[in-house]
Structures are given as structure tokens and as C-alpha cells.
Colleague: 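Structure provided below as C-alpha cells; questions to follow.
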4 protein chains.
Amino acid sequence: MAIRYHTATFENIPPEKRERILRAASRVLGRDGIGGARMADVASEAGVSHGSMFSYFPTKDDMVRAVIARGMDIQAVRFAASDDEGACFADAVRAVFRSAWDEASAEPELISLWLSLSLAENARFADAILPLESDSTERWRRVVARGKASGEIDGGVDERAAAYLLDALAAQLMKSRASGLERAKLELFVGSGLAESAPDRMADAVVAMLSSSDSSN
Amino acid sequence: MAIRYHTATFENIPPEKRERILRAASRVLGRDGIGGARMADVASEAGVSHGSMFSYFPTKDDMVRAVIARGMDIQAVRFAASDDEGACFADAVRAVFRSAWDEASAEPELISLWLSLSLAENARFADAILPLESDSTERWRRVVARGKASGEIDGGVDERAAAYLLDALAAQLMKSRASGLERAKLELFVGSGLAESAPDRMADAVVAMLSSSDSSN
Amino acid sequence: MAIRYHTATFENIPPEKRERILRAASRVLGRDGIGGARMADVASEAGVSHGSMFSYFPTKDDMVRAVIARGMDIQAVRFAASDDEGACFADAVRAVFRSAWDEASAEPELISLWLSLSLAENARFADAILPLESDSTERWRRVVARGKASGEIDGGVDERAAAYLLDALAAQLMKSRASGLERAKLELFVGSGLAESAPDRMADAVVAMLSSSDSSN
Amino acid sequence: MAIRYHTATFENIPPEKRERILRAASRVLGRDGIGGARMADVASEAGVSHGSMFSYFPTKDDMVRAVIARGMDIQAVRFAASDDEGACFADAVRAVFRSAWDEASAEPELISLWLSLSLAENARFADAILPLESDSTERWRRVVARGKASGEIDGGVDERAAAYLLDALAAQLMKSRASGLERAKLELFVGSGLAESAPDRMADAVVAMLSSSDSSN
DNA sequence: TATGAATGAGATTTCATTCAT
DNA sequence: AATGAATGAAATCTCATTCAT
């Protein structure tokens with residue numbers, strides 16, 4: 001089912017080395033962009049020879065796809081972890097925002113890479129990332145639906161719009177960790193020094209906006 | 001005050017030609033990315049010789065900055081147009097979302113270029129775009145402040161968070177016009193075919209979320 | 001008789017302008033080398049338009065030849081001035097060394113250009129400068145012959161070798177004015193700070209070496 | 001201590017290939033000048049691909065410096081060989097003039113390159129060659145000092161001037177091998193056909209000029 | 001005659017990919 | 001399987017020369 005972009009050779013090397021290579025690739029791709037990343041840099045950051053890279057991945061594009069696939073696996077784990085059926089709406093939003101923030105802090109280059117996949121220049125990789133977006137959409141809609149059902153979200157709220165908004169907000173928060181410019185922008189909004197608490201604050205604020213009871217209290 | 005990135009020669013050619021070159025550059029940069037764009041492509045799309053490009057801009061990076069500067073001028077005009085002091089909060093949000101959408105539809109490559117400026121690989125251009133982000137922040141905060149003052153926004157709403165959210169939403173809508181992937185994502189949320197009405201729908205939804213009276217009716 | 005490398009147009013412009021252009025060309029050619037000199041630089045240093053240069057000289061090489069021709073005229077004037085039949089050998093050597101030094105100090109770029117004509121890369125201009133070298137040879141031989149005749153030069157001295165030596169020494173002194181490296185080398189030999197008196201000192205020393213009376217004292 | 005201008009790759013290839021590349025570079029640099037030499041020409045003369053050149057030297061300037069460094073090594077060997085403490089002054093001068101002449105005959109392009117380093121346009125390489133000039137100065141001064149001590153040089157001779165003169169003469173002889181123009185000039189002085197014996201003749205002549213006994217016999 | 005915009009051939013430099021060892 | 005030297009297509013940038021105004 002899962003398409004593999006690497007060679008058989010790549011499967012025969014120690015898992016630790018595989019991981020090292022994919023992390024190096026992720027780092028370089030995020031830092032220098034897909035077009036700007038150099039195979040030689042990935043090789044030297046991973047501590048393998050330049051030539052070996054092409055025995056692991058047929059082409060540079062294949063390496064990119066392998067990195068994207070790894071990023072999706074990580075993302076899936078994160079979402080699954082925060083997909084607690086029992087949690088209330090407010091907690092679910094908080095949990096996702098927080099884990100989005102933390103993950104983006106831990107591997108900002110992966111976020112940078114993910115952001116670059118929305119660009120026209122990288123459209124040929126869109127198919128590789130679409131399942132992730134689709135999954136993300138579905139999950140936000142379920143979260144909102146549960147909120148509506150539990151009465152935490154006001155009855156008049158447009159569910160689809162709310163899900164879109166929550167997704168946009170989460171994406172924007174992640175962007176703030178991956179990009180100096182977006183970090184500056186966040187600080188312009190929330191004030192410098194408060195950025196660290198941004199995910200919680202944003203979660204609280206958006207939950208309040210969506211709930212009816214909040215305004216009546 | 002305004003830094004110029006082009007040469008004197010560029011100022012001496014007919015305005016119509018200048019505009020043609022900047023639009024071609026914007027198109028190619030948006031389509032192929034800053035790193036991937038080739039000066040020769042810009043030249044041929046603009047109908048000038050390869051060598052001429054370097055008599056207009058000292059380097060490729062200068063051309064990129066000139067295109068960014070032009071994009072900022074356009075943005076500024078847009079924002080100014082929607083900065084009607086007399087309009088109510090709901091109308092202001094609608095107007096900005098709509099003009100963001102329309103502008104992104106008219107020149108999606110410019111949006112693509114703008115998005116790419118958030119990437120680490122293009123950090124050297126961040127200084128060129130920061131004034132725009134700063135301006136955008138300020139305007140959203142004023143819009144929200146007016147909404148609060150007029151009572152259209154519920155008293156309990158976190159103003160800074162609301163401004164951030166509105167900005168993120170506008171950015172996300174523009175992204176949907178520039179990127180096939182983001183367009184697909186929008187359709188996943190609002191349903192295919194309804195994308196065209198997305199800016200109004202999102203504006204209405206977010207205005208409703210922010211208002212207290214809405215939930216009590 | 002004299003070949004002209006410039007156009008008729010060049011002869012129709014004011015002499016002052018002609019001189020300005022040739023001096024600018026000489027300066028740029030000396031500073032940047034024949035290959036490295038840019039017509040646009042010559043034009044801007046001379047205060048004329050880039051395009052005009054090609055209405056004065058059909059090609060860059062023609063401009064180079066015109067500058068060489070001017071340099072030869074200057075050189076000829078200098079040599080003629082020091083070609084005083086009545087002077088004794090010692091005075092003649094002193095006079096030529098001194099005027100070589102002063103001229104090189106006044107227009108080091110012209111010397112730089114002259115030096116570059118000895119390089120293989122500029123062999124195509126050798127014919128333009130050969131008459132000057134030939135003239136120089138002839139004059140040194142006459143100076144030495146007069147010295148021999150007057151008894152100032154020892155009878156056993158190889159006249160041709162002496163003339164060659166004097167020429168080489170004069171050339172070396174001029175080089176010291178045109179080149180930072182050669183200036184450093186001169187200072188290594190004579191000590192820093194004494195470079196200014198070098199032409200006289202060298203003249204005195206070489207005259208002494210060539211004279212027999214010196215050894216008997 | 002010794003600065004290397006080449007890459008690690010260059011050190012890993014067979015010595016024979018290294019030498020072939022440096023000689024080709026020397027040949028092309030001498031023939032076409034530093035500015036005029038094309039990397040592609042060096043590559044094809046050395047029988048390697050164009051791209052390989054840049055895996056040996058980071059830039060063209062680095063290649064130039066590598067060639068200069070090799071030239072200096074050769075030069076140093078030559079001087080060392082003629083630095084026989086036991087030889088009399090006359091033999092030392094003869095030996096250096098002769099080896100300068102022979103070396104210039106063997107690799108005239110290297111001499112051409114060396115000459116071009118005195119030009120303003122190549123001033124950025126002056127630091128690379130200064131140690132050689134400095135060494136040369138020192139050696140000539142020692143040769144003259146020994147001649148004075150042994151009585152072969154007349155007591156009244158200006159030692160520094162004599163050393164400078166010997167150096168200038170040696171340089172001029174080398175120039176005659178590297179440049180067609182300078183060869184023509186030498187023939188004007190000593191007569192055509194006699195050029196081959198020039199170094200010995202000049203050595204004898206200058207030794208005679210510097211010695212007192214010679215004129216009295 | 002003067003101007004300066006336009007041209008395009010050509011130079012250096014980069015880097016994915018190949019392949020002999 | 002691993003290495004790293006070799007390759008050559010392609011990109012940016014330069015500049016002598018042309019030519020319309």
C-alpha cells in the first residue's frame with residue numbers, strides 16, 4: 001500500500017543510520033528549500049558519502065518524498081495521540097494546538113518543508129502530502145462536531161468554517177516556529193516575550209469565541 | 001526613503017515596459033520560486049533580451065526585491081481602500097477578506113512569492129517584507145478595536161488573539177488561491193464548488209463568533 | 001605615414017576632449033589591463049557617452065593602439081629632450097634615468113600599459129610598440145658610443161652589453177613607479193625611504209662601474 | 001605554514017595528473033594572461049573535464065595561486081642550486097644568469113605569468129609572489145657581498161646598486177625568453193643570432209664592469 | 001554627432017548523477 | 001555496500017558592439 005521511495009539498499013542498512021539520514025535530509029531540505037538543498041550537504045550532515053545517497057534514493061526527488069513520508073508518520077502519531085474521544089472540546093483544541101507548537105519547536109525544518117509544499121514550485125509533491133491534509137481536515141471536523149454535540153460550541157456556529165479556522169490557526173502557530181518572519185509577526189500581535197504561551201492563549205480565545213455560554217457569563 | 005533596487009536604466013524605459021517586466025518577474029518567481037526562477041525565463045516572458053535584465057537590476061536578488069516592493073505597493077493600496085473609518089466591523093472584515101481573495105485571484109503568483117518569503121531559505125528577503133506584515137498587524141488591531149468600541153465584538157474577547165486569528169484567516173484564504181494544494185484543502189472543508197463564496201462565508205462566520213448578541217438571538 | 005586608429009569623428013572634436021579621452025583610456029588600460037579595461041569605464045571617466053567611444057574608435061583594440069601611439073609620442077619627446085649631444089656620458093645617463101623616473105611617476109598607468117605589451121597575451125600590439133623599443137636601443141648605443149669616445153667608459157667594456165644593461169636598468173626603475181610589487185622590491189634593495197633618490201644613485205653607480213678611472217683611485 | 005589553494009580532491013588524484021593540470025594551467029595563464037585565461041581551456045589542455053577544474057580549485061583565482069606557488073617552488077630549487085658557497089663571484093653570476101635563461105627557455109609561460117604579477121591589474125596576487133622577490137633580493141646581496149669580500153668586486157662599488165642591477169639584468173634576460181617583443185629588443189642590442197649566448201656574455205660583461213683588476217690588465 | 005538602451009556570445013561556477021575501485 | 005572523483009548541462013552575470021532616436 002505504502003509507496004516506497006527508497007531503494008532496497010536503504011532497507012538493509014541499520015535503522016539508526018536510516019534515521020540519521022532522513023533527519024539530516026529533513027534538516028537540509030527545511031533549511032535550504034527543496035530546490036536549494038544539495039545532496040552533498042545531506043550526505044555530509046548524515047556522515048555518509050555523497051555517492052551513497054544515490055544508492056539509497058534513486059533521485060533527489062525520491063529522497064524528498066521519503067522525507068515527506070517520514071514527516072507524515074510523525075504527524076499521524078501526534079494527531080492520534082491527541083485524538084482522545086473522551087476529552088471535552090476545549091481540551092482537544094488545547095491539546096492539538098500545544099502539540100502542534102511543540103512539534104514545530106522540536107523540528108522546525110520539517111515544518112518549513114511542509115510549508116514549502118504549498119508553493120507552486122513544489123506542486124509535484126502535492127500528491128505526497130494531500131493525505132495528511134485530508135486527515136487533518138477530517139479530524140478537525142470531528143472535533144468541532146463533538147463540541148457542537150456536547151453544547152460547548154454555540155448552535156449557530158458554522159461548523160465547516162469553524163473547522164477551517166481552527167486548522168488555519170494551528171498552521172499559523174506552527175509557521176511561527178519555523179520562520180523568523182512569522183515569529184516576528186506573532187510577536188507583533190501578542191507582544192514580545194509572550195510568544196511561548198501563544199498556543200494556550202489562542203486555544204482559550206478561540207474556544208471562548210465559539211461558545212455561547214461564555215458571553216452570557 | 002524608498003530604497004530602489006533597479007538601475008537608472010530601468011527608470012528610463014517606458015512605464016508600460018517596466019510594468020510588463022515586473023509582472024513577468026512576479027509570474028515567474030511565483031511559479032518557479034525564488035531559487036528556481038531563471039532570469040532567462042523572466043526575460044523571454046517579458047519579451048526582452050536576457051542581457052537587458054541585468055541592465056535593469058544589478059543582480060537577480062535585486063530583481064526579487066523590486067518585485068516584492070511592487071507587491072507591497074499593491075497590498076498597501078488594497079488595505080487603504082478597505083480602511084473605511086465609517087464602516088461597521090462586519091463590513092470591514094468582509095471588505096478585507098473579499099479584497100484579499102480577489103487580489104489573490106488576480107495575481108496568485110504574487111501570493112505564492114509572498115508565502116515563500118516565510119521560508120528559511122528566503123530569510124534574506126525578510127527585511128523587505130516585514131513593513132508589510134507590521135502594517136497588516138496594525139490595521140487588524142484597529143479594526144478589532146473599532147468593533148469592540150461599537151459593541152459588535154463581545155466584551156470578553158481577547159483583542160490580540162482576535163486580530164491574530166483574522167490575519168491568519170485572511171492569509172489562509174489567499175493561500176487557497178495561490179496553491180493547488182491549499183485550494184484542495186479549502187474544498188475539503190467547505191465542499192467543492194463553494195470555494196468562490198468562501199471569503200464571505202468565512203467573514204460572516206467569524207463575525208458571528210466574535211459577537212455576543214449573535215448567540216443570544 | 002603614421003597609421004591612425006581613430007575615426008574621422010575623433011579628429012573633429014575639440015583637442016581638449018580628445019586629450020581627455022586618451023588620458024582616461026590610458027588610465028583605465030593601465031589600471032585594469034588591456035583585457036580587463038571596460039569601454040564603459042573609459043567613457044565615464046572621460047565624461048562622454050558609452051556609445052560615443054565607438055564613434056571615435058572602431059573597436060576597443062583600435063582605442064588601445066591610439067593610446068599606445070600617444071604614449072610613444074610622449075616618450076619620444078622625453079628622449080629627444082635628453083638627447084643633448086653636448087652632454088657628457090655621466091650627465092646623459094643621469095638625465096635619462098631621471099626623466100624616465102619622473103615620467104613614470106607622472107603617468108604610472110602609461111608605464112603599466114607599456115609593461116603589459118611585453119606579455120604574450122598582448123602580442124598583437126607588439127608591432128605598435130616596436131618602433132619605440134628600436135629607437136630606445138639606438139639612443140642608448142649612441143650614448144654609450146659617445147662615452148667610449150670621450151674616455152668616460154673604460155676601453156674594455158662591451159658596448160652592446162653596456163647599452164643593454166642601461167636600458168634594462170631604466171626599465172626597471174620605471175617599473176618601480178608603476179607597480180606596487182616592484183616598488184616593494186626596489187625598497188628591499190635600496191632601503192625604504194631612499195627610493196626617491198634611486199634614479200640618481202643608480203646612474204652614479206653604473207657610471208662608476210663603467211669608468212676605468214674609478215678603479216685606479 | 002604553506003597555504004594550500006587546492007581542494008582535498010586535488011591531493012587525492014595521481015601526482016602525474018596533478019602535475020599535468022598545473023602545467024596546463026601555467027601554460028594557459030602565461031599565454032592568455034590571468035584575466036584572459038579560460039578555465040575551459042586549461043581543462044581541455046590538461047585532458048580533464050571543465051567541471052573537474054572546480055573540484056580541484058575552489059575558484060579560478062585559487063588555481064592561479066596554486067600555479068604561482070608551484071612556480072616559486074621551481075624558482076627556489078633553481079636559486080638553491082646556484083647558491084654554491086665555494087664558487088667565485090664570476091661563476092656565481094654566470095650560474096644564476098645561465099639557469100635563469102634556461103629555466104625561462106623551458107617554461108616561458110611561467111615567466112610570462114610572473115611578469116604579469118607586476119601589473120596593477122593583478123595586484124591582488126602580489127602577496128603570493130613577494131616572498132620570492134624578497135628571497136631573490138637577499139641572494140643577490142649575498143653574492144655581491146662575497147664578491148666584495150674576495151676582492152673580485154672593486155671596493156668603490158655601491159653594493160646595493162650592484163645587487164639591484166644584477167637582479168634587473170637577470171629579469172630582463174628572462175623576459176627575453178618569454179616575450180617576442182623582448183626577444184626582438186635583445187636582438188637589437190646584441191645582434192640577431194647571438195641571443196643564445198646572451199646570458200654568458202652579459203655575465204662576463206657585468207663581472208668585468210664590477211671588477212677593478214679587469215680594466216688595468 | 002551624441003546618447004544610452006539593447007543584444008547575445010561567452011565566462012565562471014554549481015550540482016545531480018554516474019561509475020570505477 | 002561504500003566511496004569520492006568525474007562529468008556536463010545549466011544558471012548568473014559581463015561587456016563589446018549596434019542602432020534608434
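Numbered from 1 within each chain, the chains take letters A, B, ... in sequence-line order. Because only heavy atoms are used, hydrogens play no part in the values below, and waters and symmetry mates are left out as well, while side chains stay in.
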Colleague: What do you reckon, are the aromatic ring centroids of B/F57 and B/F10 less than 6.0 Å apart?
Modeller: yes
Colleague: Does OP1 or OP2 of F/dA6 have a side-chain N or O of D/S49 closer than 4.0 Å?
Modeller: no
Colleague: Within less than 4.0 Å of OP1 or OP2 of F/dA1, is there a side-chain N or O belonging to A/K17?
Modeller: no
Colleague: So what's F/dT21 paired with, Watson-Crick or G-U wobble, going by both distances under 3.5 Å?
Modeller: E/dA2
Colleague: Can you establish whether the number of heavy atoms outside A/R18 located under 6.0 Å from its atom CZ is more than 12?
Modeller: yes
Colleague: To the nearest 0.5 angstrom, please state how far the OH atom of C/Y56 sits from the CD1 atom of C/I13.
Modeller: 4.5 Å
Colleague: Does E/dA11 have a Watson-Crick or wobble mate here (both distances under 3.5 Å), and if so which one?
Modeller: F/dT12
Colleague: Contact class for C/A43 (heavy atom, under 4.0 Å): base, sugar-phosphate, or nothing?
Modeller: nothing
Colleague: It should be established whether C/S52 places a side-chain nitrogen or oxygen under 4.0 Å from OP1 or OP2 of nucleotide E/dT3.
Modeller: yes
Colleague: In a check of salt bridge (Lys or Arg N to Asp or Glu O under 4.0 Å) between D/R27 and each of D/E107, D/E45, D/E109, which one passes?
Modeller: D/E45
Colleague: Is D/Y56 close enough to F/dA5 that one of its side-chain N or O atoms is under 4.0 Å from OP1 or OP2 there?
Modeller: no
Colleague: Looking only at side-chain N and O atoms, does A/S55 come under 4.0 Å of OP1 or OP2 in F/dA1?
Modeller: no
